[in-house]
Amino acid sequence: MTDTNSGWDGRGAGGTGGTRASGAIPGPGPDTAAERCAGGKPRGRRVAAASLVALAALATGCEPGTAEGAQDVPPVRATQAAAPTPSPFLTAPAPSAEGAKPSTAPPPSPSASTPAPAPTTARPAPEPSTAPPPRVLMRTGSESERVRELQARLRQIGHFGRNPTGYYGSVTADSVRSFQAKRRLPLTGSTDAVTWQRLLAMTWVPTAAELDPPTERPVAAPDERCLKGRVLCISKKSRTLAWMNDGKVVSAMDVRFGSEYTPTREGVFEVFWKSRDHVSTLYDTPMPYALFFSGGQAVHYSADFAANGYGGASHGCVNVRDKKKVAALFDQVKNGDKVVVSW
């Protein structure tokens with residue numbers, strides 16, 4: 001007798017050939033794990049019921065069990081946050097889910113993406129010196145016997161090409177700067193303590209003739225009008241002045257004259273006025289130790305001549321650049337003494 005409640009009609013799962021009695025509780029059929037492994041086929045209703053159970057478990061966050069025969073892969077929780085990807089510079093890459101072996105290639109070198117800083121060759125800046133600068137003993141505008149000695153010493157070693165005057169002008173400053181350059185000293189043009197000591201070590205004490213040489217140029221043969229009496233004998237040819245007494249030279253000094261537009265007058269004159277601290281009312285310039293002999297023209301000391309030499313000219317006067325000599329001359333000459341200006 002055939003069992004009409006077995007649910008098997010000979011056509012497989014989901015068949016419609018057989019029926020169960022109304023209200024009957026379905027009994028266990030061949031849809032078991034063992035039967036599935038053996039090749040049995042579950043009924044359609046049982047498959048649907050199993051799917052509902054699995055969905056309900058996932059909805060509540062439960063972890064489903066591992067089915068028999070499934071691959072040995074750790075399950076992933078539905079609510080587990082994805083872990084951050086590790087940096088390739090810190091750890092090796094993790095194995096893949098398929099169990100493949102990690103790559104044996106070394107991680108990329110940091111220098112491939114970020115260039116290493118080039119080694120610096122800059123030297124640290126030197127710290128500013130805290131030592132005080134050497135004390136300045138003489139500078140442009142100074143006027144003294146010490147300046148005369150400086151000029152005489154510079155002349156001994158070829159840095160000063162004229163007679164000492166005792167006045168520190170641009171020519172003296174250039175000579176000092178030349179000396180400093182050769183000794184690798186700061187090129188200030190001023191004579192500080194270091195420059196002075198170096199100069200003293202290389203030179204000797206100047207003689208009287210070195211400190212007060214007669215003139216830079218040889219004194220010309222005196223004009224015949226200069227051979228009698230007290231005469232200021234001035235030669236434009238030799239650019240010298242000789243203070244003479246009865247044909248004998250008492251003192252001599254370098255002089256310069258006016259330009260072609262303001263020439264110094266030639267002839268025989270007399271000193272008619274002496275002015276020790278004279279200042280020109282026409283040009284507003286100092287004319288110390290002035291000995292006037294023709295109108296506004298006079299023999300006097302010139303700081304410009306002492307500083308710049310023959311590079312300049314006067315406005316017609318006879319300039320003397322040695323202050324010491326013209327000061328002595330001023331004290332000796334009297335009003336009425338003869339003045340001869342010749343070529």
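Remember, it's a predicted structure, so these values are computed and weren't measured experimentally.
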Intermediate values then yes/no, side chain to side chain contact (heavy atoms under 4.5 Å, CB included), F179 and R153 | CA-CA 11 Å; F179 174 81; R153 288 180 180 271; over 6 Å; no

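- When the side chains of ILVMFWY residues are joined at heavy-atom separations under 4.5 Å, either directly or via intervening members, M253 and V339 end up in a single hydrophobic cluster.
- For the residue pair S259 / T262, a side-chain donor-acceptor distance below 3.5 Å is found, with atom types taken as modelled.
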Start with the C-alpha distance between F269 and Q297, add both sets of side-chain angles, then the distance that settles side chain to side chain contact (heavy atoms under 4.5 Å, CB included), and finish with yes or no.
-> CA-CA 11 Å; F269 311 93; Q297 294 186 355; over 6 Å; no

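- Y168 has its side chain within reach of L150: a pair of non-hydrogen atoms, C-beta onward, lies under 4.5 Å apart.
- Transitive grouping of hydrophobic side chains (ILVMFWY, heavy atoms separated by less than 4.5 Å) keeps V136 and L154 in distinct clusters.
- Side chain of K274 to backbone of F330: a donor-acceptor contact under 3.5 angstrom is found.
- In this structure, the separation between OG1 on T165 and CD on E143 is 8.0 Å, given to the nearest 0.5 Å.
- Between the side chain of D337 and the main chain of K334, a donor-acceptor pair closer than 3.5 Å is present.
- N245 places no side-chain N or O within 3.5 Å of a backbone atom of K248 that could act as its donor or acceptor partner.
- Between the side chain of R265 and the main chain of S294, a donor-acceptor pair closer than 3.5 Å is present.
- Look at D192 and R198 and you find no salt bridge, because none of the NZ, NE, NH1 or NH2 atoms lies under 4.0 Å from a carboxylate O.
- Note on D254 versus K325: no salt bridge recorded, every NZ/NE/NH1/NH2 to OD/OE distance being 4.0 Å or above.
- Side-chain atoms of Q180 come within 3.5 Å of backbone atoms of S190 as a donor-acceptor pair (strictly under, hydrogens ignored).
- Ring orientation note: the planes of F272 and F292 are tilted relative to one another, at an angle of 30° to 60°.
- A pairwise comparison of heavy atoms in H300 and C317 identifies NE2-CB, 3.5 Å as the closest pair.
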Going through the distances and angles, do D304 and R256 end up as a salt bridge (charged side-chain N to carboxylate O under 4.0 Å, His left out)?
-> CA-CA 11 Å; D304 181 74; R256 73 176 182 181; 2.7 Å; yes

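- Atom OG of residue S178 and atom CZ of residue F160 lie 12.5 Å apart, to the nearest 0.5 angstrom.
- The OH atom of Y301 sits 15.0 Å away from the CG atom of L329 when rounded to the nearest 0.5 Å.
- Of all non-hydrogen atoms in V219 and A252, the two that sit nearest each other are CG2-CB, 3.8 Å.
- When every heavy atom of W243 is checked against every heavy atom of V231, the shortest pair comes out as CE3-O, 3.3 Å.
- Taking each heavy atom of A220 and S238 in turn, the nearest pair found is CB-OG, 3.4 Å.
- The heavy-atom pair separating R225 from K338 by the smallest distance is O-NZ, 3.4 Å.
- For the pair R155 (side chain) and R162 (backbone), a donor-acceptor distance under 3.5 Å is present.
- Between R276 and D331, the closest side-chain pair of non-hydrogen atoms falls below 4.5 Å.
- Looking at R230, its side chain does come within 3.5 Å of a backbone N or O of Q332 through a donor-acceptor pair.
- To the nearest 0.5 Å, atoms CG (L187) and CZ (R177) are separated by 7.5 Å.
- When side chains are defined from C-beta on, S170 does not count as touching T140, because their heavy atoms never get closer than 4.5 Å.
- Relative to the ring axis of F305, R321 places its NZ or CZ within 45° and under 6.0 Å from the centre.
- With a 4.5 Å cut-off on side-chain heavy atoms, W273 and H278 count as touching.
- Side chain of E149 to backbone of L211: no donor-acceptor contact under 3.5 angstrom is found.
- Nearest heavy atoms, F257 versus S235: CZ-O, 3.6 Å.
- Taken to the nearest 0.5 Å, the CE atom of M287 stands 8.5 Å off from the CG atom of N319.
- Using a 4.5 Å cut-off between side-chain heavy atoms of Ile, Leu, Val, Met, Phe, Trp and Tyr, with links allowed through other members, V250 and V299 fall into the same hydrophobic cluster.
- No path of Ile, Leu, Val, Met, Phe, Trp and Tyr side chains, each step under 4.5 Å between heavy atoms, connects V326 with V147, placing them in separate hydrophobic clusters.
- The NZ atom of K323 lies 11.0 Å from the CZ atom of R148; values are rounded to the nearest 0.5 Å.
- Between the K236 side chain and the T264 main chain, a donor and an acceptor come within less than 3.5 Å of each other.
- V255 and L232 fall within the same hydrophobic cluster, where Ile, Leu, Val, Met, Phe, Trp and Tyr residues are linked whenever their side-chain heavy atoms come under 4.5 Å apart, directly or through other members.
- Using a distance-only test at 3.5 Å, with no hydrogens or angles considered, a donor-acceptor pair links the side chain of D246 to the main chain of G229.
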